[in-house]
Amino acid sequence: MTGQKMDWDKLRVFHAVAEAGSFTHAGDTLNLSQSAVSRQISALEEALAVPLFHRHARGLILTEQGEALNRTVREVFAKLAMTEALLAESKEKPAGRLKVTTTHSFGVAWLAPRLKSFLNAHQDVTVSLLLDDTDLDLAMREADVAIRMHPPRQPDLVQRHLGEIRSQIWASPDYAKTYGLPETVEDLDNHKLILFGDRKPPVPDVNWLGEIGRKDGTARRGVLEVNSLQAVLACVRAGIGIGTVPDYLVQDQTGLIAVLPEVKKPAIDMYFVYPEELRNSKRVSVFRDFLVNSIAERNGVTR
């Protein structure tokens, strides 16, 4: 295909429409009118002699040809964005935007309160913090770097083991007064447990409290299931049941009773992950050093 058929402006508009699902929303993103966006798409379809979208009253759906084009365009723009960021970055000091992703709980409770020192130390770097309990695709530049609670599953990602996150089992005084406390892991069968529901974060053994001490291989049911570690802690404090939360969430142990403190709990390995092509990025290296130094302070994470 010639450059005349697939110029960058039309591809940029096509990509925006494909991601937004409508001419109007794409126009808002590109600061163009709906009619201008529509004209660009029509011109691209005419030049390629294939339809790229099915038009519906409720919006636009990519055709098979449109899907194929969008896959390639998304990859090209992701590579361009990465290259642009690397070219803009000074060899002497880090600069530019760094997109960081991690789980919602860790991002809110541990990472966000510590970012002030990083941003003060590197004033030419801006951080975009993307909290998501699913793994964003680093290869497609949904984020630049990730803090993950499991080894990376994608190939071509650099990983650095940061440390371990440990958890404890907690109950409230009100719960203990009403129901007592388990003396063995088997006693958990007779207690009200707060567990994760269907939408679990990408963390191994997140519901180990429901499985520990069960010899028949089945899991205990929770009296309450939630999809937030902060909510687990809030429900424990409210006396609803017994729950397990990471140490980084429980800096204030007031109003909590440690349950089965002598029992060995599983530790979660934490990793700093980024694409191979960002190996020489100053922004990435200073953020990695910041994480390593912050973890050395032992605030809920151990080396």
Side-chain angles (χ1 to χ4, degrees), residues 97-119 121-122 125-138 142-154 157-170 194-209 225-237 243-253 256 265-275 278 283-303:
R97 185 169 72 137
L98 184 67
K99 292 192 288 184
V100 180
T101 184
T102 191
T103 61
H104 189 271
S105 169
F106 188 79
V108 169
W110 193 92
L111 182 57
R114 290 172 171 77
L115 284 176
K116 180 181 178 182
S117 62
F118 174 78
L119 294 170
H122 305 286
V125 177
T126 58
V127 170
S128 177
L129 188 55
L130 306 169
L131 304 183
D132 201 311
D133 285 340
T134 60
D135 288 348
L136 299 188
D137 190 337
L138 301 187
E142 291 182 343
D144 298 319
V145 301
I147 303 166
R148 291 195 174 146
M149 312 309 163
H150 61 81
R153 301 183 182 103
Q154 287 178 281
L157 292 180
V158 181
Q159 68 179 61
R160 162 79 182 263
H161 185 260
L162 290 173
E164 289 184 341
I165 296 172
R166 297 196 173 273
S167 299
Q168 304 297 329
I169 310 170
W170 300 100
I194 303 166
L195 301 175
F196 260 79
D198 294 333
R199 294 188 62 189
K200 299 177 181 66
V203 177
D205 301 323
V206 69
N207 271 343
W208 61 268
L209 187 62
E225 294 181 344
V226 296
N227 66 339
S228 158
L229 287 169
Q230 278 93 341
V232 172
L233 180 58
C235 293
V236 168
R237 289 190 182 280
T244 177
V245 291
D247 289 351
Y248 66 76
L249 263 181
V250 193
Q251 300 299 312
D252 177 13
Q253 298 179 13
L256 293 174
K265 290 91 177 173
I268 297 168
D269 286 304
M270 187 167 65
Y271 297 86
F272 182 60
V273 184
Y274 54 93
L278 287 179
R283 288 165 298 143
V284 171
S285 63
V286 294
F287 191 75
R288 179 197 60 220
D289 294 345
F290 153 74
L291 290 174
V292 170
N293 292 334
S294 298
I295 288 167
E297 298 168 6
R298 295 177 61 86
N299 291 311
V301 184
T302 57
R303 290 289 297 157

Notebook entry, point to check: Which pair of heavy atoms, one from Val236 and one from Gly243, lies closest together, and at what distance?
Noted result: CG2-N, 3.5 Å
Checklist line | Any Met270 side-chain heavy atom under 4.5 Å of Ile295 side chain | finding: yes
Note to self: Quick check: do Tyr248 and Ser105 have side-chain heavy atoms less than 4.5 Å from each other?
What the structure shows: yes
Checklist line | Side-chain heavy-atom pair Asp133, Asn227 within 4.5 angstrom cut-off | finding: no
Item checked: Heavy-atom side-chain contact between Asp144 and Arg283 under 4.5 Å -> yes
Item checked: Residues which pass side chain to side chain contact (heavy atoms under 4.5 Å, CB included) with Val250, listed by chain and number, not counting sequence neighbours -> Trp170, Leu233, Val245, Gln253, Leu256
Item checked: Nearest non-hydrogen partners of Pro151 and Tyr271, listed with the distance -> N-CE1, 3.5 Å
Notebook entry, point to check: Pick one: which of Leu131, Thr103, Leu249, Leu229 meets side-chain contact (heavy atoms from CB on, under 4.5 Å) with Val108?
Noted result: Leu131
Notebook entry, point to check: For Asp269, what residues pass the side-chain hydrogen bond (donor to acceptor under 3.5 Å, both in side chains) criterion, not counting sequence neighbours?
Noted result: His161
Next item on the list: Evaluate the side-chain proximity of Lys265 to Thr244: yes if any heavy-atom separation is below 4.5 Å, no if none is.
Entry: no
Next item on the list: Give, for atom CD1 of Ile169 and atom CD1 of Ile194, the distance between the pair rounded to the nearest 0.5 Å.
Entry: 12.5 Å
Check: How would you list, by chain and number, every residue that makes a ring-ring contact (aromatic ring centres under 6.0 Å, His included) with Phe118, sequence neighbours excluded?
Finding: His122, Phe287, Phe290
Notebook entry, point to check: So, do Leu130 and Val100 sit near enough that their side-chain heavy atoms are less than 4.5 Å apart?
Noted result: no
Notebook entry, point to check: For Arg148 and Leu136, which heavy atoms make the closest approach, and how far apart are they?
Noted result: NH2-O, 2.6 Å
Item checked: Non-hydrogen atoms of Pro113 and Gly107 that approach each other most closely -> CD-O, 4.4 Å
Note to self: Let me confirm one number: the CZ-CG distance from Arg166 to Asp247, rounded to the nearest 0.5 Å.
What the structure shows: 8.5 Å
Notebook entry, point to check: Which pair of heavy atoms, one from Pro246 and one from Ile165, lies closest together, and at what distance?
Noted result: CB-CG2, 3.6 Å
Notebook entry, point to check: With a 4.5 Å heavy-atom cut-off, do Arg160 and Leu291 have their side chains touching?
Noted result: no
Checklist line | Straight-line distance of Phe272 CZ to Ile147 CD1, nearest 0.5 Å | finding: 7.0 Å
Margin query: So, using side-chain hydrogen bond (donor to acceptor under 3.5 Å, both in side chains) as the criterion, who are the partners of Thr102 when residues are at least two apart?
Written below: none
Next item on the list: Could you pull out all residues at least two apart from Leu195 that satisfy side chain to side chain contact (heavy atoms under 4.5 Å, CB included)?
Entry: Leu193, Asn207, Leu209
Note to self: Using every non-hydrogen atom in the two residues, find where Arg114 and Ala109 come nearest and quote the distance to one decimal.
What the structure shows: NH1-O, 4.3 Å
Checklist line | Between CZ on residue Phe106 and CE on residue Met149, distance to nearest 0.5 Å | finding: 5.0 Å
Item checked: Test side-chain hydrogen bond (donor to acceptor under 3.5 Å, both in side chains) applied to Asn293 - qualifying residues, sequence neighbours left out -> none
